[in-house]
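Here the structure is laid out as structure tokens; the discussion comes afterwards.
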Amino acid sequence: MPPRIAQIRLVSSHPQVYAPCDDSFALVDALLADRTKLLDHHPSICMEIGSGSGYVITSLALILGSESKNAHYFATDLNPHATEVTRQTLEAHGVHAELLTTNIASGLEKRLSGMVDLMVINPPYVPTPEDEVGSSGLSSAWAGGENGRSVIDKILPVADNLLSEKGWLYMLFLADNDPLQICLQMRDKGFGAKIIVQRSTEEETLHVIKFWRDPDIQIEGNEAVSGGKTAPQRGFDFLRSQISRLSFRETRQ
């Protein structure tokens, strides 16, 4: 029997809350693709930043299911309507998360510092004027400012603080966000990266990238020798080629 995910007919809605769309489906597909690894990972604390309709956090709780019965779930959103809709979606599927209406993870950064084993984020990634960023309504779900990076660049340091030593982050990016440059920034913080799902629609090119703390990256400067590449370096060369091919691929064949 395939693992359960949130059913669209049970996902609650509100005119001011972003409904599940291609990006939401891509993020859940990435979790499904990694389900066996996630179960072996045994996450104790799972968190979604920007829960919107609750489709992703609900799907995550269902994917992990009773095999991760000790997992505790958190979800945040800046939009108070989204927090309520997430609550309704969770209840409709018989799962639970602690919900907080807040900007990114304000109010949880000290409480959960270094404790989150699994984090999922579908951030506001659409390039928009800066004055559209950070509203409390529907546009807060997509307005990302210049290059779609204004909110993303604020989220990543928070994720670094919250993730445990074994923490995994699944985050969705648009090609316009320059995901390779983001991966290189995370590499400087000691994170490995891997594309789990990559998808082109007629309107956008999406990447779901998994990040994890990689001790090999943290010490590779001491191990690198001239003329050779470490495993993390080879991994990032491959990641670069993946992103480059997809970013320049025509979306219409």
Side-chain angles (χ1 to χ4, degrees), residues 18-31 33-34 47-52 55-56 76-79 82 103-105 119-135 138-163 167-212 217 235-252:
Y18 185 71
C21 199
D22 289 334
D23 47 3
S24 317
F25 303 144
L27 190 49
V28 170
D29 285 347
L31 298 174
D34 248 13
M47 182 176 186
E48 180 178 16
I49 292 176
S51 61
Y55 174 77
V56 174
T76 73
D77 203 292
L78 181 64
N79 182 349
N103 185 21
I104 305 179
M119 184 178 292
V120 290
I121 308 175
N122 181 4
Y125 58 69
V126 177
T128 63
E130 287 294 330
D131 59 9
E132 295 184 17
V133 175
S135 70
L138 181 59
S139 64
S140 66
W142 66 70
E146 185 178 358
N147 300 323
R149 289 282 297 272
S150 292
V151 181
I152 289 172
D153 289 342
K154 293 176 182 176
I155 288 175
L156 291 174
V158 175
D160 185 18
N161 170 61
L162 291 173
L163 287 170
W168 292 352
L169 166 62
Y170 294 81
M171 193 163 178
L172 186 139
F173 302 100
L174 187 68
D176 289 349
N177 304 147
D178 195 353
L180 177 59
Q181 197 264 346
I182 292 170
C183 289
L184 293 173
Q185 283 185 352
M186 293 295 281
R187 183 176 185 268
D188 288 342
K189 296 179 179 293
F191 283 87
K194 178 182 179 182
I195 297 174
I196 305 299
V197 167
Q198 50 188 23
R199 187 164 296 165
S200 289
T201 71
E202 291 190 359
E203 296 181 351
E204 56 191 10
T205 301
L206 303 170
H207 310 266
V208 179
I209 300 179
K210 175 182 178 180
F211 298 95
W212 67 94
I217 289 176
F236 269 88
D237 286 346
F238 178 67
L239 183 69
R240 180 183 289 108
S241 68
Q242 284 184 297
I243 292 176
S244 297
R245 284 200 307 273
L246 190 66
S247 298
F248 291 101
R249 183 183 301 167
E250 291 293 329
T251 57
R252 295 184 180 181

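Owing to the predicted nature of the structure, the values given are computational and were not obtained by experimental measurement.
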Indicate the atoms forming the closest heavy-atom contact of [X] with [Y], along with that distance.
| X | Y | result |
| --- | --- | --- |
| Val158 | Ala105 | CG1-CB, 3.9 Å |
| Ala193 | Ile209 | CB-CG2, 4.1 Å |
| Gly144 | Val133 | C-CG2, 3.8 Å |
| Ala19 | Ser24 | O-OG, 4.4 Å |
| Pro124 | Ser140 | CG-O, 3.2 Å |
| Ala82 | Asp77 | CB-CG, 3.5 Å |

Nearest 0.5 Å please: distance from the [atom1] atom of [X] over to the [atom2] atom of [Y].
| X | Y | atom1 | atom2 | answer |
| --- | --- | --- | --- | --- |
| Asn177 | Ile152 | CG | CD1 | 4.0 Å |
| Leu138 | Asn79 | CG | CG | 8.0 Å |
| Asp23 | Tyr125 | CG | OH | 3.5 Å |
| Asn147 | Thr128 | CG | OG1 | 10.5 Å |
| Lys210 | Ile195 | NZ | CD1 | 13.5 Å |
| Leu27 | Ile121 | CG | CD1 | 9.5 Å |

Less than 4.5 Å apart, side chain to side chain, heavy atoms only: is that true for [X] and [Y]?
| X | Y | value |
| --- | --- | --- |
| Leu169 | Phe191 | no |
| Thr205 | Leu174 | no |
| Met186 | Met171 | no |
| Glu203 | Asp22 | no |
| Phe211 | Cys183 | yes |

query = Checking Glu130 side chain against Glu146 main chain: does a donor-acceptor pair fall under 3.5 Å?
reply = yes
message = Closer than 3.5 angstrom, by distance alone: can the side chain of Thr76 be matched with the main-chain N or O of Ile104 as a donor-acceptor pair?
response = yes
Residue pair Tyr18 / Asn122, side-chain donor-acceptor N/O under 3.5 Å = no
request  = Determine, stepwise, if the pair Asp29 / Arg199 fulfils side-chain contact (heavy atoms from CB on, under 4.5 Å).
outcome  = CA-CA 11 Å; Asp29 285 347; Arg199 187 164 296 165; 3.0 Å; yes
